[in-house]
Amino acid sequence: MPERIGVFVCHCGQNIAGSVDVEKVRDEAAKLAGVVHAEDYVFMCSDPGQELIRRAIHEKNLDGIVVAACSPFLHKETWQNIAKNTGLNPYLVEVANIREWVAWPHRNDKEKATEKAIKMVEAAVAKLRSDVALQPIKIPVKKSVLVIGGGIAGIQAALDIAEAGLKVYLVEKDPSIGGKMAQLSETFPTLDCPQCILTPKMTELAHHRNATLLTYSEIEDVTGSAGNFKVKVRRKATYVNWDKCVGCGSCMQVCPVEVPSEYEAGIANRKAIYIPFPQAVPNKAVIDPMSCLRLKYGKGCGLCAKECPAGAISFKNNERFEELEVGAIIVATGLEVMDASNFAEYGHGKYKDVITGLQFERLLAPSGPTQGRVIRPSDGKVPKEVAFIQCVGSRDPENWNPYCSKICCMYTAKQALLYKEAVPDGQAYVFYIDIRADGKGYEEFIHRAMSEHKIVYIRGKVGKVYEEEGKLKVVAVDTLTGKKVEVNADLVVLATAAVPSPGVKELAKKLRIQLSEGGWLKEAHLKLRPVETLTTGVYIAGAAQYPKDITDTVAQASGAAAKAISFLSKGYVEREPLVAKVDEDICSGCGNCVALCPYGAVELTDERVAKVDEALCEGCGACTAACTAGAISLVNYDKRQLFDLISTLVRR
Amino acid sequence: MKFPYYPGCTLKAQAKNFEISALTTCAYLGIELEELDKWNCCGTVYSLATDDLMKQVAPIRVLIRAMEKGQNELVTLCAMCYNTLARANLLVRADEEKMEKLNSFMDDEPDYDGSVRVLHLLQVLKDIIGFEIIMQKVVRPLKGLRVSPYYGCLLIRPKGVAIDDPRDPRILEDLLSALGTDVIGTPERATCCGSYLTIDRKEVVADNAYRIIMASVERGAELLVTSCPLCFFNLDSRQKEAKKLHPEMKQVPIVYFTQLMALAFGLEDSLGFESHYVDPRPVLKEKGLLGGS
């Protein structure tokens, strides 16, 4: 219980000092009982600021510190590290949040703000005086990682982890890994084809001795906590025995049912039994129960089973559940593109030759249904004039998404360029709001598209697209000249907005991680902790966080992998010792707390008293509020401390 | 069914045919439009001045008249009145301070409380009567009549007061289908008619009218349908100037949707086609839809 307390007041530049009289706060703090040192500084978190705290702890022999600065979410750990490195117990550090709770909301009243800041410092000192020194709880971890999502982000993260010698499980909802990247024609700005740079990674991962692929699977349930997660995985029914299936594809030859292919973005069909694409990993067939005649009607057809040389097809519902134990989780669920049917003004759904960017990728791809020949869907003719419309559903806060989808400027330029290479006498027009080309080699790529390939860029949003005399009339205003422009196109390509993958909301709930505006996964700190979440042990990578291209996705995936590896490398996790404790003499064994604990951390012993499992307790305090006898309390947050704190704050 | 009704100035002068056909068809459908006892100008064009509340006094005063009726609904016919009243309503509903300022300025009036819902007649027809019912009430289906709906801007923009999806409206198309016409869609159905440029830059309006009308003619339309008296004037009367600019132009009659309803309901006495610049009667007679053929 500290009796030689130091108080450190931060100016945060003008952030705090602009609306709080920091010198007065310091002087008032110095007068408080138990305080032997008070000091202020312009940036307490900077190196000289930290040094100043360290020196004071040494010179004044402090046994507890209060830092009056920003939110403890931002820098409490910083102050605790200073304490730790100076020999002071890190649990004898308190933060008075005089930035977010004082300076910012009370910008216009310096006098009142200062008064409030002084009170908050006083309350923090009062609490600190009855804090006790604690040691973190150490719990051994599982040296394995679960990666959710098998796109390029998940593949890269899983490979890095496997290479580091940790066991990795990759769960993917589709039958094959590869994600959106596997659907692309070529990738900007280098024009590598995914077949050359992605499929080798897919194969490498599939054969890695530390990696296990669980495709066509989804996360059912997640329990436990950092270092020791228990994950229940639903292996969806394939109706095909994968141990026997060799991926020969005979079944697909004989299947009579055709439905739009997800891999081909709907511009070509697949069968009811299918392997998504020839380079699929694993190269195994699944039956789509919604379209298979045998599964729909319970009898008949069965052609595929007769044809299968391996005898792998049984039509048996082979859904099953698997339990994994992992120390960390990386979420890499990627993005989806908005359905163009939302955009009636551009004629999608009405005109066959209005397609999405992803569909155009399949038309350009050598692996696509046209072997890379650019022909339009309506009549199979080569389009001589193609209009690309950007920001379809992006940067449109009135109707759709306020954000920039980030990848469209570049992929549109790439598509226009590839189109010009495929159809040299064709003309490409790009309608844009701004061109955002902020990556290595990107600006140069755009210029190449404009100058070498003579792609016409028109700054202006398209108002409408309609058919006239066999052409698609694209009407827009050129905002640089103020004139109306009309393009007679044979094909219109819509760069529809990127949106989070469906189902990510439910997944986030299971993982107890947060979502940002728009449904993207929320990072712990946008700038400084971009791959972490606020749930320890759960990391994020790729476009699930926000739309990003392959370059950024791969970098972030390796970052998330490194974070997971370093988290598990110590072999144990240190948990905050701020957990519930039971006074066994008072506990009546009613069991209210047991029923209430959301983490299953409390149980009744044979002696009929409550006992807290420190490895599971999150310190939420639900049990302390429910305990009628007052027998259960949170360490360093017991009732007396909270009353002290509150009475200090409300005193006039 | 009775609704408080705000006509606005044009319906008492230039657009008498709109009002007569609307009141008669409504009566036929069992809707009584009861004109407000005393009413003033709607304010014409909705003012975008953010610091001049004076411009909102007229529309809010109209809404107070409606509030006094105690029915919380006000039906309009003129698209501009609809737009101006609905936007003024939106403004004060969202901004308590402005509402208070206006109320204290009009201290001779009861305070407006934001309770009135401004409706366009098309909304009443679609949401309260239903196009199914309207179809059943048709006595003379307008079979074979090829009609282009023309929205203009005021019914569907901005989004906050749009009576239908601004990017893909259906309400006029659905009504016209219910009346039995062949609906001819055109890409110019929401193109600007030129609005008040009709006063000092007739040639701009004439050119817009030409483009809008020709888009329909090329697709085989024989008539254009509108709900806005200003659009009506610009598309109908300005065909005179348009024809001078484009001598090859085919002249096409413009009608209000209520006139076609009256025709389909057999209410021939209230059509008011006499005042049109391009007379719709010849084409209707030719189609056998109008008596005297």
Side-chain angles (χ1 to χ4, degrees), chain A residues 338-354 356 385 387 389-402 431 433 460-479 482-490 492 494-497, chain B residues 46 48 83 86-87 90-91 94 148-153 155-174 177 183-195 197 201 203-221 224:
Chain A
M338 243 178 116
D339 185 8
S341 63
N342 294 309
F343 304 99
E345 69 270 38
Y346 299 140
H348 190 268
K350 196 152 46 166
Y351 311 123
K352 276 188 173 167
D353 295 327
V354 179
T356 65
E385 284 181 286
I389 305 178
Q390 294 193 176
C391 298
V392 177
S394 309
R395 304 183 70 192
D396 183 0
E398 194 191 340
N399 298 303
W400 306 106
N401 305 304
F431 292 91
I433 303 180
K461 249 192 130 171
V462 171
K464 58 190 165 194
V465 175
Y466 61 93
E467 203 168 42
E468 197 166 78
E469 289 155 7
K471 287 275 192 178
L472 291 164
K473 259 197 193 313
V474 181
V475 183
V477 171
D478 183 335
T479 52
K483 295 242 164 73
K484 202 169 146 183
V485 276
E486 287 187 7
V487 165
N488 292 317
D490 300 310
V492 174
L494 306 179
T496 50
Chain B
Y46 176 74
L48 293 172
N83 192 276
R87 288 171 81 178
L90 209 63
L91 177 84
S148 264
Y150 174 73
Y151 286 88
C153 58
L155 291 181
I156 50 173
R157 279 164 211 279
K159 201 179 175 185
V161 299
I163 66 166
D164 202 355
D165 181 352
R167 290 155 312 131
D168 191 24
R170 299 282 330 152
I171 193 164
L172 274 175
E173 279 84 347
D174 292 345
S177 299
V183 180
I184 311 293
T186 94
E188 309 293 352
R189 62 184 175 152
T191 301
C192 177
C193 70
S195 185
L197 289 177
R201 295 192 59 191
E203 70 292 349
V204 173
V205 174
D207 213 46
N208 284 13
Y210 170 75
R211 194 148 38 86
I212 292 162
I213 291 167
M214 288 313 281
S216 297
V217 170
E218 281 160 13
R219 287 165 176 78
L224 269 78

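FYI, side chains are in, hydrogens and waters are out, and symmetry mates aren't considered; it's all heavy atoms of this structure. By convention in this document, chain letters (A, B, ...) are assigned in the order of the sequence lines, proteins followed by strands, and residues within each chain are numbered from 1.
Closest heavy-atom contact between Glu218(B) and Glu468(A): OE1-OE2, 4.0 Å.
Within a 6.0 Å radius of NZ in Lys159(B), more than 12 heavy atoms belonging to other residues, nucleotides or ligands are found. Counting non-hydrogen atoms of neighbouring residues, nucleotides and ligands closer than 6.0 angstrom, the CZ atom of Arg219(B) exceeds 12 such neighbours.
Annotation: side chain of Asn342(A) is not in contact with side chain of Arg167(B) (no heavy-atom distance under 4.5 Å).
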Q: Evaluate side-chain contact (heavy atoms from CB on, under 4.5 Å) for Thr191(B) paired with Lys464(A), printing each intermediate quantity in order.
A: CA-CA 10 Å; Thr191(B) 301; Lys464(A) 58 190 165 194; 3.1 Å; yes

